[in-house]
Colleague: 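Dumping the structure here so I can ask a few things about it.
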Amino acid sequence: MPELPDVVVFRKYVDEKALHRPIEEVQLFAEEILDGISPAHLQSKTEGHRFESTARHGKYLFVNLDGSGWIVFHFGMTGYFQYFKDGEQGLKHTRALFSFNNGHHLAFVLQRKFGSIAFTEHVEDFVRERRLGPDALDKSLDLEVFKVIIKRTRGNIKSVLMDQRRIAGIGNVYSDEILYQSKILPKAEVGQLGDRDLERVFRAMKEVLNTAIDSQADPGKMPEHYLLPHRKKGGRCPVCGGDLRSDKISGRTYYYCPNCQFG
DNA sequence: ACATTGACCTGAGAGC
DNA sequence: TGCTCTCAGGTCAATG
């Protein structure tokens, strides 16, 4: 479920399990996932080195290699990490495997090969090159900045929230939750939204993402008034009890409550 | 500038 | 059990 909250959880996972340990070997099982880096380059950057720290911007996770640049992970639609001991069963869709000198391994698992591994000398360079907007939870993204970013554009509010070049970190699921909490329809045109509305979206954005992080990005642990646990065919609105509906924007299915959301 | 569509991949789940 | 169809948390390029 790799949107911003999920990547926060993955980051903690790496922080707790895989830092400061010499990497003996890296194995690649799907070279296609490398983005702008060769297998040999990845190998020379990692083998004999350590993961020393992590950073995150939007849906990207950066892992620092003892001062000599960063490995950049993107999780696509299905990615996650699995840390395991020698002798334990690895997972089928492991695409890259980092093996440490303590007999433990960090697997980068992707069912669909939509994720990637890249490399950058500096996090800021990567963010600039990919033209990513500010991270949705960064303090620099305050209400005023948010309003400027949103007003700079037309179109429906959902697409704008999901555009990584405007704001980084929000995808299909969390944009639905943010708009549900804001009581605004995903297809509402941003030009039709007033300052009051944008303020609600802004507050919901911060609150939803922080709440999701507190819940380890697990829908089952989220508050009862959240859409996420009910976000499926036949689901009911946890607030009014009515049937949720779904529709599509640019081919992506979204869910909403026709009774609670306006715009 | 914006919206839509298809492509990229690999299943899981539904319906027959 | 097996087959076929649709759908899935992302991004990118091409097209209107």
Side-chain angles (χ1 to χ4, degrees), chain A residues 1-11 28-36 56-61 72-81 91-96 107-118 126-127 129-133 135-136 148-180 186-193 205 208-209 211-213 215-222 226-235 244 246-256:
Chain A
M1 331 160 209
E3 296 182 40
L4 187 153
D6 310 274
V7 180
V8 170
V9 173
F10 298 156
R11 181 184 177 190
L28 264 180
F29 303 102
E31 292 188 8
E32 319 89 271
I33 68 164
L34 292 186
D35 178 7
R56 184 192 59 73
H57 190 104
K59 303 175 188 175
Y60 292 91
L61 175 64
V72 189
F73 293 94
H74 190 282
F75 299 87
M77 289 174 92
T78 58
Y80 60 97
F81 287 125
L91 289 165
K92 183 179 174 190
H93 300 294
T94 297
R95 308 301 183 183
F108 181 49
V109 184
L110 303 168
Q111 184 199 107
R112 303 160 77 185
K113 296 179 189 166
F114 289 169
S116 60
I117 295 178
F126 185 88
V127 169
E129 283 159 16
R130 303 287 170 125
R131 299 195 208 167
L132 298 175
D135 183 83
V148 169
I149 289 173
I150 301 294
K151 287 179 175 176
R152 191 164 76 196
T153 184
R154 293 165 212 292
N156 63 77
I157 182 70
K158 179 177 171 71
S159 295
V160 176
L161 288 176
M162 285 174 56
D163 184 344
Q164 305 301 300
R165 291 184 176 190
R166 295 200 166 78
I167 296 170
I170 300 166
N172 198 31
V173 165
Y174 285 102
S175 58
D176 277 10
E177 185 69 61
I178 289 164
L179 293 169
Y180 175 76
K187 66 168 188 282
E189 291 289 316
V190 292
Q192 303 296 313
L193 300 177
M205 173 179 81
V208 162
L209 295 175
T211 300
I213 290 166
S215 311
Q216 283 81 244
D218 177 351
K221 296 179 182 164
M222 288 178 200
Y226 266 44
L227 174 70
L228 250 74
H230 311 276
R231 191 185 174 283
K232 56 196 155 197
K233 206 170 275 176
L244 294 175
S246 65
D247 198 352
K248 287 187 184 223
I249 288 177
S250 303
R252 306 302 304 278
T253 302
Y254 68 90
Y255 289 81
Y256 67 102

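Throughout, protein chains are lettered first and strands after them, A, B, ... in sequence-line order, and every chain is numbered starting at 1.
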Colleague: Kindly indicate whether the side chain of A:D176, heavy atoms from C-beta on, has any atom under 4.5 Å from the side chain of A:Y256.
Modeller: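 No, their side chains stay 4.5 Å or more apart.
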Colleague: Between C:dG10 and B:dA1, how many Å separate the two C1' atoms, rounded to a whole number?
Modeller: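 Straight-line distance between the two C1' atoms is 22 Å.
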Colleague: Using a 4.0 Å heavy-atom cut-off, write out nucleotides 5-16 of chain B from 5' to 3' as B (base contacted by protein), S (sugar-phosphate only) or - (no contact).
Modeller: B--BBBS-----
Colleague: Given the rule in the salt bridge (charged side-chain N to carboxylate O under 4.0 Å, His left out) test, do A:D35 and A:R130 qualify, once you have shown the distances and angles that lead to the verdict?
Modeller: CA-CA 12 Å; A:D35 178 7; A:R130 303 287 170 125; 3.0 Å; yes
Colleague: Please give, in whole Å, the distance from B:dC2 P to A:K158 NZ?
Modeller: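 Going from NZ in A:K158 over to P in B:dC2 covers 17 Å.
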Colleague: With P as the reference atom in both, quote the distance from B:dA14 to C:dG9 in angstrom, rounded to an integer.
Modeller: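 It works out to 16 Å between them.
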Colleague: Can you confirm whether A:S215 sits close enough to A:M222 that some side-chain heavy atom of one is under 4.5 Å from a side-chain heavy atom of the other?
Modeller: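 In contact.
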Colleague: Out of C:dG10, B:dA3, B:dT4, which has the shortest distance to the side chain of A:N172?
Modeller: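 That would be C:dG10.
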Colleague: Nearest to the side chain of A:R166, heavy atoms from C-beta on, is which of C:dG9, B:dC2, C:dT11?
Modeller: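 That would be B:dC2.
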Colleague: Within the structure provided, determine whether A:L161 and A:L179 are in side-chain contact (heavy-atom separation under 4.5 Å).
Modeller: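 In contact.
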Colleague: Send over the distance from A:L227 CG to C:dG9 C1', rounded to a whole Å.
Modeller: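 Those two atoms, CG and C1', are 13 Å apart.
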Colleague: Report the stems of DNA chain C as range-with-range entries sorted by first number; a stem here is at least three consecutive pairs, Watson-Crick or G-U wobble, both distances under 3.5 Å, and write none if there are none.
Modeller: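 Detected stem regions: B:2-8 with C:10-16, B:10-16 with C:2-8.
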Colleague: Please give, in whole Å, the distance from C:dC12 C1' to A:R131 CZ?
Modeller: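 Checked: the CZ to C1' distance equals 13 Å.
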Colleague: Taking the side chain as every heavy atom from C-beta outward, state whether A:N172 and A:R231 have any pair of such atoms under 4.5 Å apart.
Modeller: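 In contact.
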Colleague: Counting just side-chain N and O atoms, does A:H74 come under 4.0 Å of either OP1 or OP2 of C:dG10?
Modeller: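 No, no such contact exists.
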Colleague: If you define the side chain from C-beta out and look only at heavy atoms, does anything of A:H93 sit under 4.5 Å from A:L110?
Modeller: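 A side-chain contact under 4.5 Å is absent here.
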Colleague: What is the separation between atom CE on A:M162 and atom P on C:dT11, rounded to the nearest whole Å?
Modeller: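 The distance from CE of A:M162 to P of C:dT11 comes to 8 Å, rounded to the nearest Å.
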Colleague: How many Å lie between OH on A:Y254 and P on C:dG10, as a whole number?
Modeller: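 It is 16 Å, rounded to the nearest whole Å.
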Colleague: Is the shortest side-chain N/O distance from A:N156 to OP1 or OP2 of B:dC2 below 4.0 Å?
Modeller: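 Answer is no, no contact under 4.0 Å.
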Colleague: Base, sugar-phosphate or nothing for A:R165? Non-hydrogen atoms, less than 4.0 Å.
Modeller: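 Touches nothing.
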Colleague: Contact between A:R166 and A:I150 at the side-chain level, heavy atoms closer than 4.5 Å - yes or no?
Modeller: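 Contact flag for A:R166/A:I150 side chains = no.
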Colleague: Between A:F81 and A:F108, is any pair of side-chain heavy atoms under 4.5 Å apart?
Modeller: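 A:F81 vs A:F108: side chains touch.
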Colleague: For C:dC3 and B:dC9, measure between their P atoms and round to the nearest Å.
Modeller: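 Pairwise P distance, C:dC3 against B:dC9, rounds to 24 Å.
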Colleague: Take the protein atom CG of A:D163 and the nucleotide atom P of C:dG10, then report the distance between them rounded to whole Å.
Modeller: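 The answer, rounded to whole Å, is 13 Å.
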Colleague: Expressed as a whole number of angstroms, how long is the span from A:R130:CZ to C:dG10:P?
Modeller: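 Between P of C:dG10 and CZ of A:R130: 17 Å.
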Colleague: From the options C:dT11, C:dA8, B:dC2, select the nucleotide whose nearest atom is closest to the side chain of A:T253.
Modeller: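 The listed nucleotide nearest to A:T253's side chain is C:dA8.
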Colleague: Quick check for you: to the nearest 0.5 Å, what is the distance between A:I178 atom CD1 and A:I170 atom CD1?
Modeller: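 These two atoms lie 4.0 Å from each other.
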Colleague: Check whether any side-chain nitrogen or oxygen of A:K59 sits under 4.0 Å from OP1 or OP2 of C:dT11, and answer yes or no.
Modeller: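 Yes, because at least one side-chain N or O of A:K59 sits under 4.0 Å from OP1 or OP2 of C:dT11.
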Colleague: Atom NZ of A:K221 and atom OG1 of A:T211: how far apart are they, to the nearest 0.5 Å?
Modeller: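 These two atoms lie 14.5 Å from each other.
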Colleague: Could you state the CG-C1' distance from A:L4 to C:dG10, rounded to the nearest angstrom?
Modeller: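 From A:L4 CG to C:dG10 C1': 14 Å.
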